[in-house]
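Working notes for the structure below.
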Number of protein chains: 2
Amino acid sequence: MTVIFSKKCEYGMQAILYLAAREKGTLVSADEISKVLKIPREFVSKILQSLRDSGLISSSKGKSGGFSLAKPASRIKLIDVVAAIDGLEMFDSCVLGFQECSPTHPCPVHNTWGPLRTQTYDMLTSETIDKLKEKTLHKISSL
Amino acid sequence: MTVIFSKKCEYGMQAILYLAAREKGTLVSADEISKVLKIPREFVSKILQSLRDSGLISSSKGKSGGFSLAKPASRIKLIDVVAAIDGLEMFDSCVLGFQECSPTHPCPVHNTWGPLRTQTYDMLTSETIDKLKEKTLHKISSL
DNA sequence: ATCAAATCAGATATTTTTATCTGATTAAAG
DNA sequence: CTTTAATCAGATAAAAATATCTGATTTGAT
Ligand code: SF4
Ligand code: SF4
């Protein structure tokens, strides 16, 4: 089973939250992120590379290189990470796994699942990651 | 990515809903379920076997054998299928994938995700599958 | 008795996800 | 210029999820 998002996506969200919390213009290495968030080093490294390809973060090579947000935290939302890694299809698909999905042929849990799905989407869309900074730092302090 | 539940679990929910909708004491073969719900035959067969092991449905072997609910549809809920196949851990875990989870160290989306998770649980828990019968039939007619 | 149609258990295969390895490149610092 | 610490791309490995196969057993109908 999974909890909505793939590991890649979860780690990606954690990492970008960490970058936002950590940022004062500084570059953060994959190694640091790996240690703080307890994510396998090479794995998070690959995820960071893909987020860079998506334009959410940028990177510098060489000694004292690392990663940083590609734009202000006030302009990045968690949904951006989801879109970049897992894609947004889940917000159009049925929780019961039925293929067809239309208002005229709702699945049996349509009435309750529909609104929940929308709320989940809103949760990822409404707040920019700078707003989540404090809570991220508090959370990380407990890892 | 996944949409909360594994394929096995989605198929299991579909199958048990179909059994509830189809039931007039009749036995339903794995082949019929496979064809109606468009699920690979051998795969749904395995899933049905595991639901039988869990005591949710019962089966008869031999010609004109098949599956039926082990108890009245009014006493089965979708959460039973989730518990039997995927387990209930998702309702205790973090949408961002953080390991530790406690009210004192909430993850950054705690305030919004917590209630949503509870609502999702409620959705699967509040209605018994006989209540979903009509909508299931309508849904299936469109496959 | 034989046949046909079904479940059943266990093995196997395929695909996807998760994770690691290898070696190349880059750039700062000594 | 050499060392060191980092990203990078591509290949590979390991694990989990998804799907199929194989042959045995059961049971109703012919
Ligand atoms: S919950 Fe409603 S909208 Fe979503 S797939 Fe089912 S029928 Fe379609
Ligand atoms: S959402 Fe809240 S309860 Fe759930 S894991 Fe995050 S902190 Fe814990």
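Values below: all heavy atoms of this structure, side chains included; hydrogens, waters and symmetry mates excluded. The sequence lines fix the lettering, A, B, ..., with proteins before strands; numbering per chain opens at 1. For clarity, every value in this text was computed on a predicted model and none was experimentally measured.
Shown here is B/K71, whose NZ atom has more than 12 heavy atoms of other residues, nucleotides or ligands within 6.0 Å.
Contact annotation: B/R41 side-chain N/O to C/dA5 OP1/OP2 distance is not under 4.0 Å. Contact check, B/Q49 against C/dT7: no side-chain N or O comes under 4.0 Å of OP1 or OP2.
Within the nucleic acid shown, B/S60 comes within 4.0 Å of sugar-phosphate atoms alone, with no base atom in reach, counting heavy atoms only.
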Q: Using a 4.0 Å cut-off on protein heavy atoms (strictly under), produce a 5'-to-3' string for nucleotides 21-30 of chain C with B for base contact, S for backbone-only sugar-phosphate contact, and - for none.
A: B---BBBB--
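If you take NZ of B/K7 and P of D/dT20, they are 13 Å apart, rounded to a whole angstrom. The CG atom of A/L48 sits 13 Å away from the C1' atom of D/dA6 (whole-angstrom rounding).
A distance-only check finds no donor-acceptor pair linking the side chain of A/T136 to the backbone of A/A21 [under 3.5 Å]. Judged purely by atom type and a 3.5 angstrom limit, B/R117 uses its side chain to pair as donor or acceptor with the backbone of B/F91.
Side-chain atoms of A/S59 lie closest to D/dT7 of the nucleotides C/dC8, D/dT7, D/dA19. The side chain of B/R52 has C/dA9 as its nearest neighbour among C/dT7, D/dT18, C/dA9. The listed nucleotides are C/dT18, C/dT20, C/dC8; the one nearest the side chain of A/S6 is C/dT18. Listed nucleotides C/dA19, D/dC8, C/dT7 differ in distance to A/P40; the shortest reach to its side chain belongs to C/dA19.
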